Amino acid sequence: MADVWVVLLIVAFFALCVGLVRGCDRIIGPDDAELAASTSGADTERERVGVAQ
Amino acid sequence: MTAAGWAQLVALIVVIGVTAPLLGRYMANVYEGGPSRFDRVFGPVERLIYRACRIDPQREQRWNIYTLSVLAFSVVGFLLLYLMQRIQSSLPFNPTDMANVAPALSLNTAVSFVTNTNWQSYAGESTLSHLTQMTGLTVQQFVSAAAGMAVMAALIRGLSRAGQRTIGNFWVDLVRTTIRILVPIAFVFAIVLVATGVIQNTHGFTAVHTVAGATQKVPGGPNASMESIKMIGTNGGDFFNVNSAHPFSNPTKFSDFLELYAILLIPFALAFTFGRMVKDKRQGYAVFSVMFVIWLVASLLTIFLEVGGNPKLDARGVGVTQTVSASSPGGNAEGKEVRFGPSASGLWAASTTGTSNGSVNSMHDSYTPAGGMVPLVHMKLGEISPGGVGVGLNGLLILAILSVFIAGLMVGRTPEYLGKKIQAAEVKLVAIYILVMPAVVLIFIAISTFVRSVSDVSLLNPGAHGFTELIYAFTSAGNNNGSAFAGITANTAWMNTALAVTMLVGRFFLIIPTLALAGVLVRKRRVPPSAGTFPTHTPLFVVLVIGVVLIVAALTFLPVLALGPLVEQLGI
């Protein structure tokens with residue numbers, strides 16, 4: 001039983017670590033290339049919507 | 001301080017000064033992947049590992065993938081080491097018939113070696129089988145050190161590259177560090193240690209009859225191979241309980257010198273690696289200067305405080321001599337090996353706590369309160385002088401970034417480090433890095449003061465000295481140092497678990513923001529230096545970084561030190 005608790009503790013800790021990785025990713029934010037890609041994607045979407053209107 | 005003490009210190013500085021730049025240049029080449037005369041030897045081994053593990057060495061990783069690789073590697077390492085301890089009695093190569101290790105102790109030991117801490121709540125010769133020590137602990141001593149150095153290489157790439165998205169490949173860095181740096185040096189050093197008298201055999205206990213007629217069981221085992229990487233990889237976990245105070249681990253004054261050199265070699269050399277990788281050697285010299293100045297001051301302080309001894313012993317005339325004589329090295333001799341004396345013991349204490357090594361050749365618990373406080377404070381500085389392999393340089397670079405941020409605030413300009421603008425994201429990550437270690441250390445010290453088993457079982461001394469033992473234990477775990485103050489029974493359910501969590505947080509919650517910092521810096525374009533750029537290779541910058549290191553540590557830890565070693569020293 002104690003072994004199960006140990007494994008659970010380790011799994012929980014490394015899950016927290018993954019959470020911290022995601023938190024740090026949010027602090028950093030998207031890079032220029034990603035930003036450009038998402039902006040151009042949004043522009044295309046707007047243009048398509050504009051055409052439809 | 002005796003002439004022998006001065007000679008050892010000066011010789012150590014000279015040998016480090018000559019060899020560290022050479023090793024630093026070699027390591028820079030390893031991390032930059034340039035051609036080497038050793039490719040014919042190491043190349044086939046690496047390619048075999050890459051093929052077996054399906055690693056594409058040409059494929060680089062972004063920071064988050066690099067980080068997840070570090071985490072995944074560590075989880076697997078932990079599980080294997082934990083399992084090995086839990087079933088060691090059923091495994092071969094157990095000549096001393098060691099039983100399976102209890103779950104809480106297995107947890108603590110597995111975490112300790114995976115995090116490169118090497119805190120030892122157990123006595124090696126009476127707890128672990130030869131197989132566990134050789135293939136469990138010693139393997140982790142190689143790969144946990146290599147993982148720390150890989151993270152350092154990633155951070156340096158973050159600083160040296162511009163406008164990119166990747167910081168290297170963790171698996172490649174891990175393999176190259178192990179195969180090209182740690183294994184060759186450790187192999188040669190192990191042979192040298194055997195020549196000085198460090199044991200290396202497969203024996204269990206040998207029964208010997210003493211002069212007094214008693215029977216004593218003398219332990220044997222594959223010690224030199226572990227001793228070697230224990231020092232080279234700034235691990236610190238020894239085959240024997242009393243670590244490098246044991247005559248089978250550190251038999252002579254000469255072996256003491258060699259082991260001390262091995263502790264300091266790679267950490268100091270990495271400063272030169274950094275200078276070469278960022279294509280500005282002066283930056284490396286500045287980092288080396290910060291490391292060296294703090295290490296030298298800590299060493300001299302510890303040595304002089306221990307050579308000075310306890311003034312109360314002379315004043316009370318209790319018949320204890322603390323003066324140097326033909327049969328005594330003088331000073332505070334309690335807890336020290338006569339063959340080393342207070343000078344070599346103090347130098348080791350300062351070096352082992354500045355490097356995250358954590359091995360000991362004397363018992364720090366027996367130091368004078370002020371003499372014991374110096375190694376404690378040395379750890380609390382973040383182990384950057386010169387620091388553990390890889391992680392020490394990381395800490396120092398992060399403090400350098402904090403320093404340029406503070407300098408930028410003072411003059412009202414956007415701070416830069418190595419041509420990279422330091423902005424909100426970088427400062428947030430630096431803040432996480434700086435706050436995590438003190439937070440986990442202080443919280444667990446505070447909680448432990450309320451835990452019944454700590455006061456009833458763990459602490460062997462009352463009052464301020466007992467509190468210092470507690471501060472030391474959690475500081476050592478939180479900084480992944482692993483040295484023990486002694487005088488504390490750590491093999492309890494609470495201490496094993498609390499120290500394990502502290503070690504995990506102290507390792508991975510610092511690695512994650514470090515790699516995130518590498519990830520954000522690697523994207524940035526380099527800003528050309530202007531008249532307002534604060535130069536980071538000058539003596540002024542060295543002084544600024546040292547000041548920031550001291551102020552951060554003092555603001556964080558002075559209150560808790562006041563309740564422990566400071567009040568004890570004032571009470572002498």
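Chain identifiers are assigned alphabetically (A, B, ...) following the order of the sequence lines, protein sequences preceding nucleic acid strands; residue numbering begins at 1 within each chain. These numbers were taken from a predicted model, which means no experiment stands behind them.
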State, with a plain yes or no, whether a side-chain heavy atom of [X] is found less than 4.5 Å away from one of [Y].
| X | Y | value |
| --- | --- | --- |
| Trp5(A) | Leu107(B) | no |
| Val6(A) | Ser106(B) | no |
| Arg523(B) | Ile28(A) | yes |
| Leu20(A) | Phe509(B) | yes |
| Tyr82(B) | Ile10(A) | no |

Exercise for the section: With a 4.5 angstrom heavy-atom cut-off, could you sort out which part of Ile432(B) is near chain A: side chain, backbone, both or neither? Expected result: side chain
Fill in the blank from the handout: With chain A, the option among Ile512(B), Leu517(B), Val111(B) that has the most non-hydrogen atom pairs under 4.5 Å is Ile512(B)
Problem - Heavy-atom pair with the smallest gap, counting every atom of Cys24(A) and Pro513(B) - result: SG-CA, 4.3 Å
Exercise for the section: Would you please name every residue forming a side-chain contact (heavy atoms from CB on, under 4.5 Å) with Glu60(B), sequence neighbours left out? Expected result: Arg161(B), Thr166(B)
Fill in the blank from the handout: Looking only at Leu16(A), Asp3(A), Ile27(A), the option with the highest number of non-hydrogen pairs under 4.5 Å against chain B is Asp3(A)
Exercise for the section: Would you please go through residues 70-78 of chain B and name the residues with a non-hydrogen atom below 4.5 Å from one of chain A, in numerical order? Expected result: Leu71(B), Ser74(B), Val75(B), Phe78(B)
